[in-house]
Amino acid sequence: MTSFPIPARSDSARQSLTDPDADALFPASDAGSDLEERPRRRPRVTADQLLEGLNEPQREAVVHEGAPLLVVAGAGSGKTRVLTRRIAWLISERKAHPGSILAITFTNKAAAEMRARVEDLVGGRAKIMWVSTFHSACVRILRKEVERFGYKSGFSIYDAADQKRLMALVCKDLELDPKRYPPNAVLHWVSNHKNDLVDHESAAARADNDLERTYAEAYSLYQQRLKSANAMDFDDLIMTTVHLLQAFPDVRETYRRRFRHVLVDEYQDTNHAQYALVRELCAEDPSAYDAGSDPDAVGPAELMVVGDADQSIYAFRGANIRNILDFEEDFPQSRTILLEQNYRSTQNILSAANAVISRNQGRKPKNLWSDQGRGEPIVGYVADDEHDEARFVAKEIDTLTDAKAARPGDVAVFYRTNAQSRVFEEVFIRTGMPYKVVGGVRFYERKEVRDAIAYLRMLANTDDEISLRRVVNEPKRGIGDRAIACVEAMARRDGTTFFEALQHAEDAPGIATRSVTCIAGFVAMVEELQSMVDAGERADVVLEATLARSGYLAALEESEDPQDETRLDNLAELVAVAREFADEPVPPPSDDPADLTPARPGVPEFLERVSLVADSDQIPDQDDESLGVVTLMTLHTAKGLEFPVVFLTGLEDGVFPHQRSLGDRTELEEERRLAYVGLTRAEQRLYVSRALVRSAWGAPAHNPASRFLDELPDEVMDWRRTAAEQSSWNRSVMPQLPTRRFGSASAKADAEARGQKREVPSLSPGDRVTHDSFGMGTVVAVEGAADKAVASIDFGSDGVKRLLLRYAPVEKL
Ligand SMILES: Nc1ncnc2c1ncn2[C@@H]1O[C@H](COP(=O)(O)OP(=O)(O)OP(=O)(O)O)[C@@H](O)[C@H]1O
Ligand SMILES: [Mg+2]
């Protein structure tokens, strides 16, 4: 059996949860260099210490008691810090049982950080509190309660790819024309309904045209298939929990008794289902706040939500900005606290962010200020093209690190869409800049990783047909499509699961004897591995055994495809992840009967962990000692984080704001909020850039400057290069741009940069040419004709350039 190395663990992350004051509360003797001297229990923190480093309204929010509390404030004003301190305060000062606390964060990583921070403050007893995402919290409740809805506790969680496969199967079964009913569109429709807590029966009842009726039919069959696979998709997790709490008063009572404190970060991005969940858990009846109420009755839990309507960026996933705007109406006795001081950014950065967000209509104006002084100006750069933009970013990071003004780990590069990362990666690899891309093709989306997870899922839940089908003949073991069809037909006829049918494949009409033998071997392997899972064996041990016993590793090892070596590395990484998971200390069993903390880190618990990882959970931990790595990510992933140095790239109309949003005011407002999120991640230095020419679908696109760029106040800007200062090549490639809105500074610059129209040289591959800046070159390829002709020309050491011939200063020799 191959044995896998464990990668080194890194240290604390550079996230906004980082609270340097918390470290100050514990002197170095407690930090752990001298083990013998180290006290076993942390000293109890005093109330003063818990409130240290907080301003007055922040303190009020920490110590507030009773009525629901809303903290609304702009970016970087300490909302997350207040929420974290409040948890510590509840445990330490108000003697709340840690198990009675439910804190909701937007990502698993933020949850881990928050838990660690609270543990720093009040010690290990904080371990048993629930700090998690909505999804993780729901999974824990469902594992315990969902049998009431006819699911088994070991249900699988289907991610986006599984959902797509299943919906494609459903659409095929319903014989839907994929052009008229693309499975993705159907899924989106279903997801929207689930986020609004509309189940398939209600969706069918509401449907009032053919399209809707067809969608509802697909919804219904999709749910049926999920249920028979004992699986739920992401949206089900929330909707089913809400329905469970609504349908079973005793269950609701259990959790209301358990959770006496509910705290939600990033409340502006909750959708209706999540909002309903909070309401179910906190009881709606505000009269219960009366002091003289029956002591035995469970009053409502104390609720605290924090958020910023200007940072709501998930409307496309059903987030409802009204949840935060309507809080005061929904919870009439609530109290609202505003925070106005920003501790993250310099005044220049805040002025830039405020200038952009203030153009959104119908928002409550905020008075966010910083006492850090103006700081560095915001650096602007207009690049020739996306490669030039990436080179500028790399060079600038180099300059900062050389001057010891920043380490690579202090820097983040943001872009609107994942595809934009590639060019940065190319340049960073070339220049040896250490970096990590967050998101994109994620680790857990790679084929081999999905296969391995599918094996584990199928072992934990043989009803999970999607996973079972994925691995039944992977690696190839002689179980072909025909054999599968025979077994499937028998399963349908007899009303059994696919796995039950596999267990007596010999009875399947029409099946070949050879297939029966192969299937028997597969079933024996599954049963053997299953017994390990049932015995509670560690996830890493089961995973290693599975990869070996299934022949999966052997197949990769024998392969001559160089990609398969990378696949082996990825599987080694997955085993290491499982090993780390299994090695995590299990919290001590609590005396609380409602405590749902898993007792052992077995396969089901591991699957739960990996099913719920999100892009933002891959943000690299930046070890304080090392130089760290530059983080590349989309703006959506950047929420809640902060970095000393931020590059906001691709600021072009059509890129950011995204093409899709250009004609739609609501969508443009969401893009603007995304820009606000991006700008406010920066602590000290902020760079904004755009490219005059960017390749899109293989052809150069000439996008005008992003309107967000135009909105940045002149007095905070330091333009390193404007459109007017482009190289002669670019001046001549710039096409006639569409007339810009109101003659802004950069629009003027754009106009200046426009070249003269000239005659298009007619070129074909092999022709020798000369270019004003690049000199002699050879034409490699020509696409398009006349005005649209684009030539790829090899200029030797300058590389191959793609030039729009209409504007390029090229002459045929
Ligand atoms: N009173 C304070 N004194 C000093 N630093 C503070 C104070 N309050 C918050 N901070 C620091 O300011 C930064 C921003 O805080 P935090 O991340 O909690 O803000 P936020 O409101 O949650 O931001 P976002 O809206 O981006 O989520 C953090 O580095 C935090 O430690
Ligand atoms: Mg925050």
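Counting starts at 1 for both ligands and their atoms, in listed order.
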Atoms of ligand 1, numbered as shown, that sit under 4.0 Å from any heavy atom of Arg681: 26 (O)
Ligand 1 contact on Glu642 by region, counting heavy-atom pairs under 4.0 Å: side chain
Does some side-chain heavy atom of Leu69 sit less than 4.5 Å from a side-chain heavy atom of Leu303? no
Below 4.0 angstrom from a heavy atom of Asn55, which ligand 1 atoms are there? Numbered from 1 as shown, please. 1 (N)
Quick one: are Ser132 and Thr105 in side-chain contact, heavy atoms under 4.5 Å? no
For Glu340, check side chain to side chain donor-acceptor pair (under 3.5 Å) against everything at least two apart and list the hits. none
For the ring pair Phe316 and His636, is the centre-to-centre distance below 6.0 Å? yes
Give yes or no for whether the N/O distance cutoff of 3.5 Å, strictly under, is met between Gly640 and ligand 1. no
Could you work out, for atom 24 (P) of ligand 1, the closest of Ala73, Gly76, Pro57, Ser370 by heavy-atom distance? Gly76
Thr80, portion touching ligand 1 at heavy-atom distance under 4.0 Å: both
List in chain and number order the residues that pass side chain to side chain donor-acceptor pair (under 3.5 Å) with Arg609, two or more places apart in sequence or in another chain; answer none if no residue qualifies. Glu584
